[in-house]
Amino acid sequence: MSNLVFVINGPNLNLLGGREPEIYGQTTLDDIRQIATDSADSAGLSIDFRQSNEEGALVDWIQEASRDAAGLIINGAGYTHTSVAIMDALLASAVPVIEVHLSNIYKREEFRHHSYISRAAQGVICGFGADVYTLAILAMSKLLESDKA
Ligand code: CA2
């Protein structure tokens, strides 16, 4: 089985490190890419880290991950709370899915408490800032190890 894990990021996460640092911190998406790459190296995984502001691109990438990768980590950003299309793509996916959010979505506005992605996810990690990506990679490596057994 391949050791490739897709890490897919949704809309506006390209703005990280600029506005709203009180919610999302000062880490940029490029910093997170580096953190995730280092964590994957330590776990013996390789990652393909992507971001798009477009729902259709995210759906295409989920389908690509299902064909080509061993697992998928996703921060759907705003689409988490709205997108049936992303949920359907994830439900059709053959690989394990872990959902991440930088902020604790349950401590925020009511509309952020519902996630379409969670229906298709093995687990959800939120509220620990950029560390959620490291935690998700660790969780994914354990999942993939147990799948091999
Ligand atoms: O906490 C997260 O990771 C979120 O997925 C981030 C989304 C939000 O809609 C979700 O409810 C929770 C928002 C991403 C927008 O990121 C920005 C970063 C800097 C400045 C403005 C937006």
Side-chain angles (χ1 to χ4, degrees), residues 4-43 45-144:
L4 178 64
V5 173
F6 272 35
V7 182
I8 295 178
N9 296 282
N12 298 307
L13 288 166
N14 55 311
L15 300 177
L16 284 173
R19 276 166 280 160
E20 305 198 63
E22 65 292 352
I23 302 175
Y24 299 117
Q26 290 186 329
T27 314
T28 66
L29 195 63
D30 264 346
D31 295 333
I32 292 177
R33 181 195 301 274
Q34 193 56 58
I35 290 165
T37 303
D38 293 346
S39 304
D41 281 351
S42 307
L45 298 174
S46 61
I47 56 164
D48 190 328
F49 189 97
R50 304 178 183 189
Q51 186 275 333
S52 178
N53 293 328
E54 290 174 27
E55 189 175 18
L58 298 170
V59 169
D60 286 343
W61 291 347
I62 291 163
Q63 293 183 8
E64 190 183 334
S66 178
R67 283 192 307 269
D68 299 343
L72 168 58
I73 294 168
I74 182 164
N75 184 347
Y79 287 137
T80 303
H81 317 295
T82 64
S83 180
V84 173
I86 287 174
M87 177 186 73
D88 286 342
L90 291 169
L91 286 171
S93 149
V95 297
V97 174
I98 297 178
E99 175 181 0
V100 297
H101 299 284
L102 296 158
S103 62
N104 179 353
I105 54 175
Y106 301 102
K107 216 176 162 184
R108 301 184 64 193
E109 304 95 320
E110 194 92 20
F111 68 85
R112 293 186 204 275
H113 298 180
H114 176 262
S115 163
Y116 282 99
I117 290 174
S118 295
R119 263 187 110 81
Q122 197 95 17
V124 184
I125 303 169
C126 76
F128 299 103
D131 286 345
V132 298
Y133 289 83
T134 299
L135 294 167
I137 286 163
L138 180 64
M140 183 63 77
S141 80
K142 291 192 168 216
L143 272 182
L144 298 178

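Counting starts at 1 for both ligands and their atoms, in listed order. Numbers here are sequence positions counted from 1.
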When distances are taken from atom 4 (C) of ligand 1, the protein heavy atom at minimum range is H101 ND1, 3.7 Å
Looking at atom 3 (O) of ligand 1, what's its closest protein heavy atom, distance included? L102 N, 2.8 Å
Do L138 and T134 come within less than 4.5 Å of each other through their side chains, counting heavy atoms only? no
Checking heavy-atom distances from atom 10 (C) of ligand 1 to each of E99, E20, H81, R19, the winner is H81
Side chain to side chain contact (heavy atoms under 4.5 Å, CB included) assessment of L72 paired with I98: CA-CA 6 Å; L72 168 58; I98 297 178; over 6 Å; no
With atoms numbered from 1 as shown, which atoms in ligand 1 lie under 4.0 angstrom from a non-hydrogen atom of G78? 9 (O)
Is atom CZ of R108 surrounded by more than 12 heavy atoms (other residues, nucleotides or ligands) closer than 6.0 Å? yes
Which residues share a side-chain contact (heavy atoms from CB on, under 4.5 Å) with L4, sequence neighbours left out: S2, F6, S46, D48, A69
Identified side chain to side chain contact (heavy atoms under 4.5 Å, CB included) counterpart of E99 within the set V132, I117, I125: I117
the protein heavy atom lying closest to atom 1 (O) of ligand 1 turns out to be S103 OG, 2.5 Å
Are T80 and ligand 1 in contact, using a heavy-atom cut-off of under 4.0 Å? no
Are the aromatic ring centres of H81 and Y79 under 6.0 angstrom apart? no
Do NZ/NE/NH1/NH2 and the carboxylate oxygens of E64 and R50 come within less than 4.0 Å? yes
Contacting atoms of ligand 1, where contact means under 4.0 angstrom from a heavy atom of L15: 19 (C), 20 (C)
Can you list the ligand 1 atoms lying under 4.0 Å from a non-hydrogen atom of L13? 14 (C)
Protein heavy-atom partner closest to atom 8 (C) of ligand 1 - residue, atom, separation in Å: R112 NH1, 3.2 Å
Looking only at protein heavy atoms, what sits closest to atom 15 (C) of ligand 1 is N12 CB, 3.6 Å
Can you check whether N75 has an N/O within less than 3.5 Å of an N/O in ligand 1? yes
Considering residues, nucleotides and ligands other than E110, do more than 12 of their heavy atoms fall under 6.0 Å from its CD? no
Quick one: look up the protein heavy atom nearest atom 13 (C) of ligand 1 and list residue, atom name and how far away it is. Y24 OH, 3.3 Å
